[in-house]
Amino acid sequence: MKIAIEELAGCSGCTIAVLDLHEAILDLVEAADIVYSPVIMDVKEPPEDIDIAFVTGAVRNEENQERLKKIRKNTRVLVALGTCACYGGISGLSMMSSREELFKTVYTAVDTVKEDNIIPHDVPEFLYRVFAVGDMVKIDYYIPGCPPKEARLKEILLPLIKGEKISLSRKSVCSECDRKMVEVKNWSLKRRHVGIPDRETCLLSQGYLCLGPVTFCGCNASCPKNNVACHGCNGPSLDILREPCRDIYNLMVRRIADLTDIPEKKIEKELYDVGHTMYAFTMGSEVMEDKEI
């Protein structure tokens with residue numbers, strides 16, 4: 001069994017998550033040979049005849065696109081590993097600015113560059129938008145997460161390599177959260193930095209924009225359990241993916257309306273900067289682009 005990990009436009013955190021299996025990685029390398037991974041080993045190009053390949057990161061430029069097509073051609077089973085690969089991830093936010101604005105900011109406007117710095121012309125050509133890998137090639141399995149958590153990977157990787165059936169929860173982050181719902185009065189939206197949330201009570205009921213109800217599980221609600229509202233980094237919940245008329249934004253509005261008895265139109269006026277607050281991890285996905293908002 002030969003496995004590979006390809007890196008596209010991302011931070012390599014998903015590959016590091018594989019290393020974070022700690023001693024369990026010994027079971028992985030006993031069951032399969034890692035033949036290619038730019039982060040783990042010094043092999044410049046993926047070989048042919050790979051059994052299972054994991055792709056991390058989104059597709060942002062022509063080099064990413066070429067490498068994705070090459071690994072697909074040489075692989076029997078291709079797995080999108082991490083939210084960037086599954087939904088475009090944080091890289092998708094670059095779609096809110098033009099290519100010229102992005103390059104000007106990165107190469108000339110930030111404090112760490114020289115005043116006479118020039119924008120390079122020898123970098124791979126940017127595509128007109130960010131793409132999730134499944135928008136360009138056939139993907140056999142998706143493992144969301146930013147990065148996928150160690151416990152989740154333990155449940156997936158070895159059974160996948162051994163060809164065993166994988167049975168996982170398909171609920172939302174709320175199913176893993178230990179907070180309690182309470183009666184809500186005088187609800188209003190709070191910025192994340194305002195006050196200190198009560199540790200025992202549902203963050204959404206306290207006014208914090210917690211995306212747990214619309215986010216796929218698998219992280220053990222690690223942010224809410226540490227008193228931080230869910231940012232949605234595991235990607236949309238299964239009910240959103242299944243239903244064409246459901247979207248992160250409109251389903252969050254409905255959830256808040258159900259929780260507070262406030263009319264949906266009034267809630268919509270409370271919400272701000274929807275692109276960054278609700279689509280920070282999914283803007284690069286054509287699946288989400290086609291949703292009705």
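All values derive from a computational prediction rather than experimental measurement.
Every pair passing side chain to side chain donor-acceptor pair (under 3.5 Å) that includes a residue from residues 210-222 is listed here, sequence neighbours excluded: Asn220-Lys225. The stretch residues 56-115 participates, sequence neighbours left out, in these ring pair (Phe, Tyr, Trp, His ring centres under 6.0 Å) pairs: Phe103-Tyr107, Phe103-Phe126. Residue pairs meeting the ring pair (Phe, Tyr, Trp, His ring centres under 6.0 Å) criterion with at least one partner in residues 28-85, sequence neighbours excluded, do not occur; the list is empty.
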After noting the C-alpha distance and the side-chain angles of Lys44 and Asp42, does the key distance pass the salt bridge (charged side-chain N to carboxylate O under 4.0 Å, His left out) rule?
-> CA-CA 6 Å; Lys44 306 303 181 185; Asp42 188 20; 2.8 Å; yes

Begin with the C-alpha distance, continue with both residues' side-chain angles, and end with the deciding distance and a verdict on salt bridge (charged side-chain N to carboxylate O under 4.0 Å, His left out) for Lys2 and Asp49.
-> CA-CA 8 Å; Lys2 295 189 291 185; Asp49 300 323; 5.2 Å; no

Step by step, would you call Glu45 with Arg67 a salt bridge (charged side-chain N to carboxylate O under 4.0 Å, His left out)?
-> CA-CA 9 Å; Glu45 295 293 333; Arg67 301 196 73 85; 3.5 Å; yes

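A donor-acceptor pair under 3.5 Å is absent between the side-chain atoms of Trp187 and the main chain of Ala257, judged by distance alone. Under a 3.5 Å cut-off, the side chain of Asn64 and the backbone N or O of Asn61 do form a donor-acceptor pair. A distance-only check finds a donor-acceptor pair linking the side chain of Arg60 to the backbone of Leu127 [under 3.5 Å]. A donor-acceptor pair is defined here as one N or O able to donate and one able to accept, closer than 3.5 Å; such a pair exists between the side chain of Ser205 and the backbone of Cys202. A donor-acceptor contact shorter than 3.5 Å links the side chain of Lys190 to the backbone of Gln206. Between the Thr83 side chain and the Cys233 main chain, a donor and an acceptor come within less than 3.5 Å of each other. Formation of a donor-acceptor pair under 3.5 Å by the Ser94 side chain with backbone atoms of Ser91 is found in this model. For the pair Glu176 (side chain) and Gly218 (backbone), a donor-acceptor distance under 3.5 Å is present. Between the Tyr272 side chain and the Thr277 main chain, no donor and acceptor come within less than 3.5 Å of each other. One N or O on the side chain of Lys149 and one on the backbone of Pro147 form a donor-acceptor pair closer than 3.5 Å.
In this structure, Ile5 and Val39 have side chains that are not in contact, with every pair of non-hydrogen atoms separated by 4.5 Å or more. Contact check for Gln65 versus Phe131: no side-chain heavy atoms found under the 4.5 Å cut-off. Under the 4.5 Å side-chain criterion, counting only non-hydrogen atoms from C-beta, Arg152 is not in contact with Pro144. Proximity of Val43 to Val35: side-chain heavy atoms (C-beta onward) are nowhere separated by under 4.5 Å. Considering only heavy atoms from C-beta on, Phe216 comes within 4.5 Å of Arg170 through its side chain. Residues Arg199 and Arg179 form a side-chain contact, since some pair of their non-hydrogen atoms from C-beta on lies under 4.5 Å apart. Contact check for Ile248 versus Val274: no side-chain heavy atoms found under the 4.5 Å cut-off. A 4.5 Å side-chain heavy-atom check between Asp239 and Leu251 finds at least one atom pair inside the cut-off.
Alongside Val228, the hydrophobic cluster contains no other residue (criterion: ILVMFWY side chains under 4.5 Å).
Salt bridge status for Lys154 with Glu150: present, with a side-chain N to carboxylate O gap under 4.0 Å. A salt bridge links Arg72 with Asp140: the closest approach of a Lys/Arg side-chain nitrogen to an acidic carboxylate oxygen falls below 4.0 angstrom.
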Side chains of residues 10-23: which donor-acceptor partners sit under 3.5 Å, not counting sequence neighbours?
{"from": "Ser12", "atom 1": "OG", "to": "Glu7", "atom 2": "OE1", "distance (Å)": "3.3"}
{"from": "Thr15", "atom 1": "OG1", "to": "Glu7", "atom 2": "OE2", "distance (Å)": "2.3"}
{"from": "His22", "atom 1": "NE2", "to": "Asp20", "atom 2": "O", "distance (Å)": "3.1"}

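Arg192 pairs by the salt bridge (charged side-chain N to carboxylate O under 4.0 Å, His left out) definition with nothing, not counting sequence neighbours.
Note that CE of Met283 and CD1 of Ile90 are 9.5 Å apart. Values are rounded to the nearest 0.5 Å.
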